[in-house]
Number of protein chains: 2
Amino acid sequence: MINKKPERMFEPDQPAAAENRTSELRETYDDRLNHILAVATTLIAQSGYERASMRAVAKEAGISLAGIYHYFDSKEKMLFLIQFRTFNSLLGNLREKLHGVEEPVEQLRVMVRAHVCYFAANMPALKVCSHELESLAGPAYEQTRLIRRQYYELSRDIVTRVLDVHAPDCAIDRHVATMALFGMLNWLYRWYNPAKDRSPAGLANQIIEMFLNGVLGPKVEEDRVERAAS
Amino acid sequence: MINKKPERMFEPDQPAAAENRTSELRETYDDRLNHILAVATTLIAQSGYERASMRAVAKEAGISLAGIYHYFDSKEKMLFLIQFRTFNSLLGNLREKLHGVEEPVEQLRVMVRAHVCYFAANMPALKVCSHELESLAGPAYEQTRLIRRQYYELSRDIVTRVLDVHAPDCAIDRHVATMALFGMLNWLYRWYNPAKDRSPAGLANQIIEMFLNGVLGPKVEEDRVERAAS
DNA sequence: GATCGTCGACCGAACGTCCGTTCGGTCAAC
DNA sequence: GTTGACCGAACGGACGTTCGGTCGACGATC
């Protein structure tokens, strides 16, 4: 069961010392687990956590109902695993993309782009992460909260630096600004349609532009000032 | 049952022609209905629609389980009524506050202030409206969608006018801008804490400021331009 | 190299619980 | 005597979970 081998969960690559046979077995075990998780993610994204039954996950994944409990010891642990992996992956992706970027505004651009692109590439997973936060309780909830907290602090620090460097007199609360940005990003799953709407990169640019300069934009203000001066 | 008297649902005030007795009876009936709806709203906001059982609503409202079905003929109708009333009230409130306001930017300010203040005054109801959209299906969902659509179009028209008048060259998509604004507003229920965070009016001002001018703000740009000019 | 015991992957069938809903009725008010 | 508000008790189904078992792969033993 997954909760008896937590040290394996996020280290798919194992030392080469292991036997070939064991490696192959482990591969099929992990493949199967990933397959069930992917199916569960899609179903929970479609119907919500409570309505997505273990029977439906089993049928869709091509496994028996009891067979699922070979991989997770409860439905809640399954949801936890989906959220934990996704949040970890999101945070890791962000840290990776931020590597070597120093300028605060550029950091913000990288952050929004990374988030939007990750979202577009993993819509069901991010929907489950945005929408089913409170479906976990107790220690499982606390554990995901810790990762989310890291993601929040990383983002808030970027926002803070952007403000401190480029708009030190700005009266906007850093926390409010960060949560407003998260609102724009986390609400995407309610309306973004990859078939109709623009590309993830284009969308990210619009969000960056709006967050930094608002819908009125700086150029307009420059024009206004220049017009007033002449 | 509620679905047999739909013409009464949103007209609490009745003509004075009715007898006093009937009026008092109707009052207690409506009071009881409103009480059950309020309890259900709180419970659904706390636990989610699926987890909030009719038994829990009955117990909390001080009525028997079967007694609830004197007011609603199904749990889904109950949720529908909560959402329908809230969306209608939200839309009516917005239209009322917009009355007589012509300037687009001022309209936007009114819209955000109205939304944030309504949210702060009805947090459970707006959480249910934001979070349980997809818990309705079929005709009930379609009916709420129509009201939300009106709210969206009203807001998008304001955003469009703001852009057309004050930033005609702005490349930001009107739909994206409107949904970004909705994201900031609809995400509030995830983090806003009336005890800790600033007042609803102050929060609304920050959101307006961010949406119009971004975190960098126009003054900074003016400063920059002025500094560059001198 | 055949035999045996072990183990991991997996399954059919059930168990107990909780849920939304309904049925048949009571009782006060008119 | 009718009606509207309301209730206790039950119904049927869906759900998460568990139990007891099968089966093939594998290492050890002869």
Side-chain angles (χ1 to χ4, degrees), chain A residues 1-5 8 18-36 39-40 43-44 47-81 132 135-137 140, chain B residues 1-5 8 18-37 39-40 43-44 47-82 132 135-137 140:
Chain A
M1 296 224 183
I2 208 68
N3 63 332
K4 294 179 185 170
K5 324 172 187 168
R8 252 221 287 132
E19 298 180 60
N20 219 2
R21 181 182 44 76
T22 308
S23 167
E24 279 170 9
L25 263 185
R26 182 162 294 180
E27 248 184 0
T28 68
Y29 177 91
D30 285 351
D31 286 352
R32 202 101 160 109
L33 188 148
N34 289 333
H35 177 236
I36 299 172
V39 166
L43 257 57
I44 294 174
S47 323
Y49 174 69
E50 296 291 338
R51 289 171 112 102
S53 71
M54 294 299 260
R55 280 167 177 83
V57 173
K59 181 178 273 187
E60 199 70 21
I63 197 175
S64 73
L65 175 59
I68 287 193
Y69 287 85
H70 200 68
Y71 295 89
F72 321 102
D73 59 357
S74 75
K75 189 185 182 185
E76 196 183 3
K77 283 270 170 63
M78 188 180 78
L79 176 62
F80 167 75
L81 206 55
E132 306 292 351
S135 299
L136 290 180
Chain B
M1 296 225 182
I2 207 68
N3 63 332
K4 294 179 184 170
K5 325 171 189 171
R8 253 221 286 130
E19 297 180 61
N20 219 2
R21 180 182 46 77
T22 309
S23 167
E24 278 170 10
L25 263 184
R26 182 162 294 182
E27 248 185 0
T28 69
Y29 177 92
D30 285 351
D31 285 351
R32 203 102 159 109
L33 188 149
N34 288 334
H35 177 236
I36 299 172
L37 278 183
V39 166
L43 257 57
I44 294 174
S47 323
Y49 173 69
E50 297 291 338
R51 289 172 113 102
S53 71
M54 294 300 260
R55 280 167 178 83
V57 173
K59 180 178 273 186
E60 199 72 21
I63 198 176
S64 74
L65 174 60
I68 288 193
Y69 288 84
H70 200 67
Y71 295 89
F72 320 102
D73 62 356
S74 76
K75 189 185 182 186
E76 198 183 1
K77 284 268 170 63
M78 188 180 78
L79 176 62
F80 167 75
L81 206 55
I82 293 172
E132 305 292 351
S135 298
L136 290 180

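Below, chain A is the first sequence line, B the second, and so on; all start at residue 1.
Computed from coordinates, the A:His35 NE2 to C:dC10 P distance equals 12 Å when rounded to whole Å. Distance, B:Ile63 CD1 to D:dG8 C1': 14 Å, rounded to whole Å. Atom OH of B:Tyr71 and atom P of C:dT21 are 18 Å apart (whole Å). B:Ile36 has its CD1 atom 8 Å from the P atom of D:dC6, to the nearest Å. Rounded to an integer number of Å, the gap from A:Leu33 CG to C:dG8 C1' is 15 Å. Rounded to whole Å, atom C1' of C:dT21 lies 13 Å from atom NZ of B:Lys77. Note: OH (B:Tyr29) to C1' (C:dA29) measures 18 Å, nearest angstrom. The separation between B:Met78 atom CE and C:dG20 atom P is 9 Å, rounded to whole Å.
Note: B:Ile82 CD1 to B:Ile44 CD1 = 4.0 Å, rounded to the nearest 0.5 Å. One distance of note links CD1 of A:Ile63 with NE2 of A:His35; it measures 9.5 Å at 0.5 Å rounding. For the atom pair CG (A:Leu81) and NZ (A:Lys77), the distance works out to 10.0 Å, reported to the nearest 0.5 Å. Put simply, CZ on B:Phe80 and CD on B:Glu132 are 15.5 Å apart, with the number rounded to the nearest 0.5 Å. Note that CD1 of A:Ile68 is 13.0 Å distant from CG of A:Asp73, once rounded to the nearest 0.5 Å.
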Under 3.5 Å, which protein N or O atoms sit close to an N or O of nucleotides 14-16 of chain D? Give each pair with its distance.
residue: D:dG16; atom: OP1; partner: A:Lys75; partner atom: NZ; Å: 2.7
residue: D:dG16; atom: OP2; partner: A:Met54; partner atom: N; Å: 2.9
residue: D:dG16; atom: N7; partner: A:Arg55; partner atom: NH1; Å: 2.8
residue: D:dG16; atom: O6; partner: A:Arg55; partner atom: NH2; Å: 2.9

Using a cut-off of under 3.5 Å, enumerate the N/O to N/O pairs linking the protein to nucleotides 19-22 of chain D.
none

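Scored by the side-chain contact (heavy atoms from CB on, under 4.5 Å) test, A:Ala56 finds A:Leu43, A:Ser53 as partners (sequence neighbours excluded). Scored by the side-chain contact (heavy atoms from CB on, under 4.5 Å) test, B:Ser64 finds B:Ala66 as partners (sequence neighbours excluded). Legend: residues meeting side-chain contact (heavy atoms from CB on, under 4.5 Å) with A:Glu76, ordered by chain and number and at least two apart, are A:Tyr49, A:Ser74, A:Leu136, A:Ala137. Take B:Arg55 and apply the side chain to side chain donor-acceptor pair (under 3.5 Å) test, not counting sequence neighbours, and it matches no residue.
In this model, the phosphate group of D:dC6 is not approached by any side-chain N or O of B:His70 to a distance below 4.0 Å at OP1 or OP2.
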